[in-house]
Amino acid sequence: MRAALLQITSSDSPTENLETIQGMIAEAVANGAGFVLTPEVSNCVSLSRAHQQEVLQHEEDDASLRALCMSAAEHGIWLSLGSFGVKTHDDDGRFANRQFLISPQGEITARYDKIHMFDVEVTPEETFRESDGYRPGTRAVLAETPFGALGLTICYDLRFGHLHRALAQAGAEILIAPAAFSPVTGAAHWHALLQARAIETGCYVLAAAQTGCHKTSRGAVRKTYGHSLIVAPWGEILSDAGEAPGISYVDLDRKKVAEARRRVPSLTHDREFDGP
């Protein structure tokens, strides 16, 4: 299976972002991709909760989601929407940061709500409180496809190795890690974290990323790190997209997963131990 990772600079307009994604899907398919992956918050990058309330929709009402289900069916591909911000029916009014896996028939076959919220002060000027606007998910998700079992994660989840280990021990062969990473933490940790997750699990790691300067209709500017990364099960980086928008490709080979796990079968070597 040829996978294509879309590296994009989403705006805060779901309509504009839909057009960008559809065009890149068509290009990826023309280059032989049967599995296309988008970054985190593909439908809207915004620092304004008020704007998000205006433009985000409940899943069942989301026109962009419906259109991309149709695109998957039209092209006959698997499509991972790294995440969409969607409204929920929770009483507190917070959104969900939700990943969708769409089949070649245009059906949503798996959903994953980001578990770990990015509540950090990277620098005094760069502070995030994701949990103010998004409520965390509570369930890890493994999705079966004809080309391998997928473990679904999103961005900040990358720092929690136990989640990825649990997914791999449950059968995941490919870890999906879409992101909108901070340039500061990206430069320091992005490559090392993605390689570590691959090495620890013997999985492919596919990390489609947002990149560049995201200008919004309300004047706020957010920057993201880019560098969509494809990491092999043995830990070597197969592709680094750099900072420009574009598409990265990899031909997935399940034999590489089996080989890495045969050489170092650490997923089967857990031992109980006393606490510190």
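In what follows, residues are counted from 1 in the order of the sequence shown. Not measured: the values here are computed from a predicted model.
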At what distance, to the nearest 0.5 angstrom, does [atom1] of [X] lie from [atom2] of [Y]?
| X | Y | atom1 | atom2 | result |
| --- | --- | --- | --- | --- |
| Leu79 | Leu81 | CG | CG | 4.5 Å |
| Thr211 | Leu6 | OG1 | CG | 13.0 Å |
| Leu18 | Ser42 | CG | OG | 11.0 Å |

Q: Could you walk me through whether His227 and Glu243 pass the side-chain contact (heavy atoms from CB on, under 4.5 Å) test, one step at a time?
A: CA-CA 6 Å; His227 293 273; Glu243 297 179 357; 3.7 Å; yes
Q. Quick one: ring pair (Phe, Tyr, Trp, His ring centres under 6.0 Å) partners of His89, sequence neighbours excluded?
A.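 Per chain and number, His89 pairs via ring pair (Phe, Tyr, Trp, His ring centres under 6.0 Å) with His58.
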Please examine the side chains of [Y] and [X], heavy atoms only from C-beta on, and report whether any two atoms are closer than 4.5 Å.
| X | Y | answer |
| --- | --- | --- |
| Asn43 | Asp62 | yes |
| Gln210 | Ile8 | yes |
| Phe84 | Ser64 | yes |
| Leu194 | Ile237 | no |
| Asp240 | His191 | yes |
| Ile230 | Tyr249 | no |
| Leu101 | Val141 | no |
| Ile108 | Cys69 | yes |

Q: Using the six-membered ring wherever Trp is involved, compare the ring planes of Phe147 and Phe35 and label them parallel, tilted or perpendicular (cut-offs 30° and 60°).
A: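 If you compare the ring of Phe147 with that of Phe35, the planes turn out tilted.
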Is there a donor-acceptor contact under 3.5 Å from the side chain of [X] to the main chain of [Y]?
| X | Y | answer |
| --- | --- | --- |
| Tyr204 | Asp253 | yes |
| His51 | Leu47 | no |
| Arg261 | Pro233 | no |
| Arg139 | Ile115 | no |

**Q.** Gln195 atom CD: more than 12 heavy-atom contacts under 6.0 Å
**A.**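 More than 12 within 6.0 Å, yes.
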Q. Which heavy-atom pair separates Ile102 from Ala72 by the least distance, and what is that distance?
A.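 For Ile102 versus Ala72, the nearest heavy atoms are CG2-CB, 3.7 Å.
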Q: Identify whether the distance between the nearest side-chain nitrogen and carboxylate oxygen of Asp270 and Arg165 falls below 4.0 Å.
A: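 Salt bridge flag = yes for Arg165 with Asp270.
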(Q) Between Arg254 and Glu173 (salt bridge meaning N to carboxylate O under 4.0 Å), is one present in this structure? (A)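 Looking at Glu173 together with Arg254, the answer is yes, because their closest N to O distance falls below 4.0 Å.
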Q.
Between Thr153 and Arg197, is the side-chain contact (heavy atoms from CB on, under 4.5 Å) condition met? List the steps.
A. CA-CA 11 Å; Thr153 75; Arg197 298 296 85 85; over 6 Å; no
Q. Does the side chain of Asn97 pick up a donor-acceptor pair with the side chain of Tyr156 at under 3.5 Å?
A.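 Checked: Asn97/Tyr156 side chains show no N/O donor-acceptor pair below 3.5 Å.
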Q: Test side-chain contact (heavy atoms from CB on, under 4.5 Å) on Ser80 and Phe100 and set out the steps.
A: CA-CA 6 Å; Ser80 167; Phe100 296 95; over 6 Å; no
Q: Could you check Val29 against Glu74 for side-chain contact (heavy atoms from CB on, under 4.5 Å), going step by step and ending with a plain yes or no?
A: CA-CA 11 Å; Val29 171; Glu74 175 187 351; over 6 Å; no
**Q.** Pair listing, salt bridge (Lys or Arg N to Asp or Glu O under 4.0 Å) test, anchored in residues 90-114, at least two apart
**A.**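 Applying salt bridge (Lys or Arg N to Asp or Glu O under 4.0 Å) to every pair that reaches into residues 90-114, excluding sequence neighbours, yields Glu40-Lys114, Glu59-Arg98, Glu59-Arg111, Asp90-Arg135, Asp92-Arg94, Arg98-Asp113, Asp113-Arg135, Lys114-Glu130.
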Q. Looking at the rings of Tyr225 and Phe181, which for Trp means the six-membered one, are their centres under 6.0 Å apart?
A.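 Distance test on ring centres: not under 6.0 Å, no.
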